J.: 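Dropping a structure here in structure tokens format, bear with me for questions.
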Amino acid sequence: MEPVSEFLHMGGYALFVWPAFAVAAVVLTVLLVWSIRDLRRERDLLESLPRRRSKAQPAEAEDDS
Amino acid sequence: MTTFLQIVARDVRLAFRQGGATMLVVVFFVLAVALFPLGVGPETAVLRRIAPGVIWVAALLAAMLSLDRLFQVDFEDGSLDQLALAPLPLELVAAAKCLAHWLSTGLPLVVISPLLGVLLELNGEAHAALLLAMAAGTPALSLVGGIGAALTVSIRRGGVLLSLLVLPLYIPVLIFGTGAIDAAAMGLEGGAHLLVLAALLAAALPLAPWAIAGALRLNLE
Amino acid sequence: MPLTGRNLTCTRGDTTVFTGLDFDIAPGDIVVVRGANGSGKSSLLRLAAGYLAPTEGELRRDGVPIADDPERHRTSLHYVGHLDALKPALSVAENLAFWSRVLAPKTPASSRLDHDRTLDRMGLSGLADVPTRYLSAGQRRRLALARLIVCSRPLWLLDEPTASLDDAGTETLLGLISDHRSNGGMVLAAVHGSIAVDDAVTIRLGECRMDGMS
Amino acid sequence: MVNWHRLANPTSFLKWSRRVLPWASVTTVILLAAGLYLSLFVAPPDYQQGETVRIMFVHVPSAWMALFTYAVMAGASATGLIWKSPLSHLTAKAAAPIGASFTLLALVTGALWGQPMWGTWWVWDARLTSVLILFFLYLGYIALWEAIDDYTRAAKSTAILALVGVVNIPIIKFSVDWWNTLHQPASVLRMDGPSIHPSLLVPLLVMGGAFTGYFIVVLLIRLEREILARQAQVLRRAQLRS
């Protein structure tokens with residue numbers, strides 16, 4: 001068995017090792033993409049809101065938290 | 001002290017007077033347990049084996065039923081505002097409400113549980129352990145459940161959310177409550193489990209009222 | 001037991017309801033809060049009751065900041081809001097007895113006779129054993145106001161107390177207020193329209209000001 | 001060097017986080033690449049479990065991160081309540097979905113890892129059961145945020161829930177472990193025994209580092225989103241009232 005297919009075979013446990021890594025990849029990527037998309041959407045939303053204050057002062061959001 | 005007892009007395013009177021809360025909870029408890037033989041089959045060996053777990057799960061759900069109205073009624077009719085003005089710290093007001101909840105819900109479950117032991121053909125020695133475990137475990141249900149009730153007091157139809165928040169916190173009581181009865185059923189001495197139940201209660205006594213008062217204060221703003 | 005507020009700012013959720021508010025209430029005084037809906041009348045009363053902490057400024061009772069001794073402040077005031085805090089399943093007497101024992105546990109347990117006299121004064125005579133669910137809104141409001149008498153506390157915070165009261169009820173309330181003031185009591189009341197009290201100081205809550213993230 | 005008080009102010013935090021994000025991302029990618037290489041190619045198969053031991057390199061870091069994230073949430077909730085800083089509450093809110101994802105990942109990889117040994121997809125093993133309960137705690141926390149519309153009340157209520165949760169986690173862990181020993185002989189599978197052979201420990205730690213880096217990157221992204229969403233909410237409310 002050439003080294004590549006032997007590697008993929010995972011000693012007969014290919015059905016468990018690869019899905020494990022695949023699930024990890026999927027879950028973490030989906031979370032990352034979803035978070036980035038969320039962030040972009042919020043940024044656009046915030047830009048679209050007429051920033052009344054920004055006319056009076058520079059766009060520095062005033063915070064008194 | 002009279003303020004504390006006044007609050008407990010009023011809530012218990014309200015629970016029994018309206019003829020609703022208490023009876024409904026006990027009937028639900030018996031009914032839920034009675035369903036299991038219908039589902040699982042009447043074989044004694046099977047029923048005896050699952051009896052402690054079934055009784056305890058039914059007890060958890062029964063206690064859960066009456067929890068979401070524990071603080072919500074007072075929140076909606078303005079009583080919470082007045083209770084916050086009483087010369088009793090809010091933490092003790094919370095403890096009084098939990099005690100009233102136990103007296104009107106937990107205690108009836110404890111009293112009726114031997115009947116369910118018979119229903120599920122629990123063997124003789126386990127009945128004593130069942131009573132002891134229920135008596136030791138149900139107060140903690142009211143205290144921990146009170147936290148969930150206080151957190152969801154301002155949420156419409158917060159009952160389901162309350163269950164999601166509280167049931168995971170009930171797991172230790174479920175495990176050791178069932179363990180105590182299993183041990184007795186097998187003739188072992190169930191004392192250790194009862195001690196752990198007592199320890200859980202001792203831990204919940206100071207912690208729960210503190211968390212409940214914190215959550216209630218938020219909703220008084 | 002005077003109550004003083006200095007440079008009070010109140011924020012509910014994200015909006016600043018009022019800011020820079022000062023007021024003084026000395027024994028015997030009555031202060032009336034006026035303003036349009038949503039101008040913060042109720043917020044001011046809940047802030048004065050200690051339910052709500054001011055985001056800025058300070059509230060003092062006898063010169064002592066409330067934050068230092070909240071228990072002393074909140075056990076020496078009555079708050080009557082829009083909700084009556086009455087249990088429909090309990091009778092009128094039971095509700096009244098409950099609040100008198102809970103709010104004033106140390107005073108000698110007032111007998112059933114005292115409560116009947118209180119009910120007479122509030123125009124609820126003969127209703128002692130009637131379950132509260134059968135009372136009209138005005139009657140329930142009178143029962144809620146009866147709390148002011150069964151347990152005597154120096155500071156009264158009344159949020160639109162005349163709501164759902166008929167003329168006789170308003171008359172009774174004004175009588176309570178004048179008796180309370182003559183005994184050195186203080187009243188802070190949010191009202192709509194006129195209230196027949198001539199020497200009242202008025203706080204006018206204007207348009208609320210917007211502010212940043214709270 | 002970092003004045004923490006200044007950081008508590010959301011705007012200056014955003015400037016700081018935008019500088020840190022690229023560095024954190026690069027480190028995470030490097031660690032991840034190294035970790036994968038070590039886990040898949042370098043680490044020897046286990047004499048007993050064979051190649052399936054490689055699943056440990058994903059399962060164990062996920063379980064670690066699941067617990068670590070809850071600790072971060074509890075810590076942020078505590079600081080939020082004590083010092084009343086909204087940034088802490090937002091950090092806890094941003095961390096919750098990440099924690100829930102790690103918990104879900106730990107459950108799935110745990111099942112995949114156990115399957116060859118136990119022959120079934122789910123086994124009521126003490127560790128897996130505790131992770132499952134932790135998953136419910138995360139769902140409850142996230143659900144409470146969504147259920148309360150007023151921000152300040154939601155922030156403090158969820159903070160209390162997180163603190164109650166963090167107190168209960170060891171109690172639940174203890175009772176589940178005890179329950180497990182009662183009903184099942186000690187599970188043969190060493191999930192992450194302390195005495196791991198160095199050749200397995202190194203990839204584990206590198207993967208752990210990669211997961212932590214990933215956590216920081218996503219946390220910063222989600223936190224910025226929460227801050228902006230909060231500011232938008234305040235602005236919208238302001239326009240509504242004027």
Side-chain angles (χ1 to χ4, degrees), chain B residues 1-24 66 69-97 99-101 104 150 153-154 213-221, chain C residues 10-13 17 42-43 45-47 49-55 70-91 94-95 97-109 131-133 140-141 144 147-148 150-151 153 155-157 159 214:
Chain B
M1 195 48 198
T2 49
T3 311
F4 185 89
L5 295 178
Q6 277 299 321
I7 296 171
V8 176
R10 183 194 69 163
D11 271 26
V12 170
R13 195 182 309 139
L14 275 173
F16 284 98
R17 173 167 302 179
Q18 260 157 334
T22 308
M23 286 320 297
L24 276 183
S66 52
R69 298 302 286 163
L70 181 58
F71 294 109
Q72 202 158 48
V73 175
D74 285 348
F75 177 71
E76 280 158 2
D77 70 18
S79 297
L80 207 57
D81 289 344
Q82 299 305 323
L83 287 174
L85 299 181
L88 192 68
L90 204 53
E91 283 75 8
L92 286 178
V93 171
K97 298 286 292 182
L99 175 59
H101 177 264
S104 59
V153 75
S154 61
L216 290 180
R217 275 195 196 90
L218 296 180
N219 291 293
L220 281 173
E221 272 169 17
Chain C
C10 168
T11 315
R12 298 297 294 270
V17 180
S42 297
S43 303
L45 287 179
R46 291 193 77 87
L47 193 140
Y51 294 127
L52 183 63
T55 40
E71 172 114 2
R72 196 169 71 85
H73 173 61
R74 67 181 174 78
T75 52
S76 62
L77 66 89
H78 268 305
Y79 172 81
V80 177
H82 304 298
L83 302 170
D84 297 326
L86 300 172
K87 293 298 177 188
L90 294 181
S91 76
E94 279 169 333
N95 266 312
F98 173 75
W99 286 121
S100 92
R101 289 199 205 102
V102 162
L103 294 175
K106 292 189 188 55
T107 55
T132 314
R133 71 165 62 93
R140 269 204 300 276
R141 171 58 77 174
R147 254 199 320 273
L148 299 171
V150 291
C151 159
R153 291 186 170 191
L155 174 62
W156 285 6
L157 304 171
D159 198 345
S214 71

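This structure is a prediction, so every number in the text was calculated from the model and none was measured. Every chain is numbered from 1 and lettered A, B, ... according to where its sequence line falls, protein lines coming before strand lines. Side chains are part of it too, since the values below use all heavy atoms of this structure and drop only hydrogens, waters and symmetry mates.
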J.: Look up atom CD in B:Gln6 and atom OG in C:Ser100, then write down how far apart they are to the nearest 0.5 Å.
T.: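 Answer for the CD-OG pair, B:Gln6 versus C:Ser100, is 8.0 Å.
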J.: B:Glu76 vs C:Leu83, test: side-chain contact (heavy atoms from CB on, under 4.5 Å). Steps then yes/no.
T.: CA-CA 8 Å; B:Glu76 280 158 2; C:Leu83 302 170; over 6 Å; no
J.: How long is the straight-line distance from CG of B:Asp77 back to CG of C:Leu86, given to the nearest 0.5 Å?
T.: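 Between atom CG of C:Leu86 and atom CG of B:Asp77 there are 7.5 Å.
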J.: Counting only N and O atoms by type, is there a donor-acceptor contact under 3.5 Å from the side chain of B:Arg10 to the main-chain atoms of C:Asn95?
T.: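 Flag not set: sc B:Arg10 to bb C:Asn95 has no pair under 3.5 Å.
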J.: Can you tell me how far the OH atom of C:Tyr79 sits from the CG atom of B:Leu85, to the nearest 0.5 Å?
T.: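 It is 9.5 Å, given to the nearest 0.5 Å.
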J.: To the nearest 0.5 Å, how far apart are CG in C:Leu52 and CZ in B:Arg217?
T.: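 So the CG of C:Leu52 and the CZ of B:Arg217 are separated by 14.0 Å.
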J.: What part of C:Arg72 lies closer than 4.5 angstrom to a heavy atom of chain B: side chain, backbone, both or neither?
T.: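 It is neither, since no heavy atom gets under 4.5 Å.
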J.: If you tally heavy-atom pairs under 4.5 Å against chain C, which of B:Ile7, B:Asp81, B:Thr3, B:Thr2 wins?
T.: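 Greatest number of close heavy-atom pairs with chain C: B:Asp81.
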J.: Where is the tightest heavy-atom contact between B:Ala86 and C:Thr75, given as atom of each residue plus distance?
T.: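 The pair with the smallest heavy-atom distance is O-CG2, 3.9 Å.
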J.: When you look at B:Asp74 and C:Lys87, which way does the side-chain contact (heavy atoms from CB on, under 4.5 Å) test go after all the steps?
T.: CA-CA 9 Å; B:Asp74 285 348; C:Lys87 293 298 177 188; 2.3 Å; yes
J.: Between B:Leu83 and chain C, with a heavy-atom cut-off of 4.5 Å, which part of the residue counts as in contact: side chain, backbone, both or neither?
T.: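 Contact with chain C: backbone and side chain both.
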J.: Between C:Arg74 and B:Ala84, what is the shortest heavy-atom contact and its length?
T.: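 That would be NH1-O, 2.8 Å.
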J.: Looking at every heavy atom in both B:Gln82 and C:Ala85, which two are closest together, and how far apart are they?
T.: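 Closest approach of B:Gln82 to C:Ala85, heavy atoms only: CG-CB, 3.7 Å.
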J.: For C:Leu77, is it the side chain, the backbone, both or neither that has a heavy atom under 4.5 Å from a heavy atom of chain B?
T.: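 For C:Leu77, the contact with chain B is made by backbone and side chain together.
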J.: Which atom pair, heavy atoms only, marks the closest approach of C:Arg46 to B:Glu221?
T.: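 Shortest heavy-atom contact: NE-C, 4.2 Å.
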